[in-house]
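Start at 1 and go down the list; that is how both ligands and their atoms are numbered. We're numbering straight along the sequence, starting at 1.
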Amino acid sequence: MANSLMPIVDLSPFFLGDEDGERKAREVIHEACSRYGFFQIVNHGVPLDLMSRALKLSKSFFECPVEEKMNCSPLPGAPFPAGYNRKPNPSYEFAEYLVMLHPGSTFNVFPANHPQLREVMGDLFNQFTKMGAILESILSESLGLPPSTLQEFNNERNSDVLTALYYLPATENEKMGISSHRDVGCITFVLQDEVGGLEVQKDGKWIPVTPNKGALVVNIGIVLQVLTNDNYKSPNHRVMRPNGRSRNSFSFFYNVSGGKWLEPLPYFTKQIDQKPNYKGFIYSDYLQKRNENKLKRAAGLEEDLGLSHFSLTKSIENH
Ligand SMILES: O=C(O)CCC(=O)C(=O)O
Ligand SMILES: [Fe+2]
């Protein structure tokens, strides 16, 4: 547990059946999710050589000429823009990314000149999917719920997304990679290279999420914040572009299906009698609101990305 601000949790007890170690790890995770919604994990079972191969290959793809990357633009009619995308440059934020849906999806687009990237991202996708189920069981127990609670709720694997990201070095006037946001979905895993730039907001301050070789960052998404009635926080975070060098990373969004009805779980609102902080809503309605607000935000008209629309309290810190 290297650092009390951003704990690094060793998951090996869960693979070894070490109950005492599991209990201690759950306590650290509980504290981290209650305060920050961010922590890092090591000995998580995702092969380290796969992680470093994925980072190397995606870097080499993003360093290709832009015309080659444009060959991987999303297919017309795709329900979600899988493939290569870039935020406009110049803009208040800038990053390039390659989005992958489930490995079986016919909408995935990969570069012909990097044939291994499809395979490596497919492997990473499957590894992160396994991690998602493990983390859901750990998080359920850390909340005092039966271990299968979150998995039973989040039982369709059709909306998960893996994104390879690339950030060019900061310029004099443009330093933002991805501006402040909370993640969609249940849990996000971030695999970052050694450069740094990811920051999480706590009490109005931006705290760097220092890269640790072999570690994955775990970040609570807004779905878990709602289900846990704010007992676990979905943190605001952002990526600052590094000085003098580029950065690359992967984000995996362990999501829920768009049709899911979201509201605080009855455990919180009935069994332990907390006042619900959210009215119930269909997840896709939130996603639509979020997209509308993103457009307004790019024009400087809106800060919130949608959750406050469904909030029954008016706390700005959380929503
Ligand atoms: O690149 C990163 O480290 C994280 C990116 C991120 O926050 C996201 O994709 O939602
Ligand atoms: Fe994020």
Item to check | Element-labelled atoms of ligand 1 that are located less than 4.0 Å from some non-hydrogen atom of Leu165 | outcome: 1 (O), 5 (C), 9 (O)

Next on the checklist: Strictly below 4.0 Å, N to O, side chains only: are Lys289 and Glu292 in salt-bridge contact?
Outcome noted: yes

Item to check | Salt bridge Arg53-Asp49, side-chain N to carboxylate O under 4.0 Å | outcome: no

Item to check | Check: Tyr254 ring centre within less than 6.0 Å of Phe189 ring centre | outcome: no

Checklist entry - Considering only the protein, which heavy-atom contact is closest to atom 4 (C) of ligand 1, and what is its distance? => result Val239 CG2, 3.8 Å

Next on the checklist: Any salt bridge linking Lys205 with Glu199? Criterion: basic side-chain nitrogen under 4.0 Å from a carboxylate oxygen.
Outcome noted: no

Checklist entry - Under a 4.0 Å N-O cut-off, is there an ion pair linking Arg23 with Glu19? => result no

Next on the checklist: Taking atom CZ as the centre, does Phe15 end up with more than 12 heavy-atom neighbours from other residues, nucleotides or ligands that are less than 6.0 angstrom away?
Outcome noted: yes

Checklist outcome for this item: Quick note on ligand 1: atoms under 4.0 Å from a heavy atom of Phe253 include exactly 8 (C), 9 (O), 10 (O)

Item to check | Test of proximity, Gln192 against ligand 1: N or O pairs below 3.5 Å | outcome: no

Checklist entry - Given Gly197, Gly221, Ser251, which one has a non-hydrogen atom that is nearest to atom 9 (O) of ligand 1? => result Ser251

Checklist entry - Vertex the Fe ion (ligand 2): angle to NE2 of His237 and OD1 of Asp183, to 10°? => result 90°

Checklist entry - Identify the closest protein heavy atom to atom 2 (C) of ligand 1: which residue and atom is it, and at what distance? => result Arg247 NH1, 3.4 Å

Checklist entry - Quick one: which ligand 1 atoms are inside 4.0 Å of a heavy atom on Ser249? => result 1 (O), 2 (C), 3 (O)

Checklist entry - Is the shortest distance from a Lys or Arg side-chain nitrogen in Glu263 or Lys279 to a carboxylate oxygen in the other one below 4.0 Å? => result no

Checklist entry - For ligand 1, which part of Phe252 has a heavy atom less than 4.0 Å away: the side chain, the backbone, both, or neither? => result neither

Checklist outcome for this item: Contact region, Arg238 to ligand 1, non-hydrogen atoms below 4.0 Å, reads neither

Item to check | Carboxylate-amine/guanidinium contact Arg241 Glu174, below 4.0 Å | outcome: yes

Item to check | ligand 1 atoms in contact with His237 (distance to a heavy atom under 4.0 Å) | outcome: 7 (O)

Checklist entry - Looking at Phe153 and Lys260, what are the two nearest heavy atoms and their distance? => result O-NZ, 2.6 Å

Next on the checklist: Can you name the atoms of ligand 1, numbered from 1 with element, that are less than 4.0 Å from a heavy atom of Tyr167?
Outcome noted: 1 (O), 2 (C), 5 (C)

Item to check | Atoms of ligand 1 close to Asp183 [distance to a heavy atom under 4.0 angstrom, numbered from 1] | outcome: 10 (O)

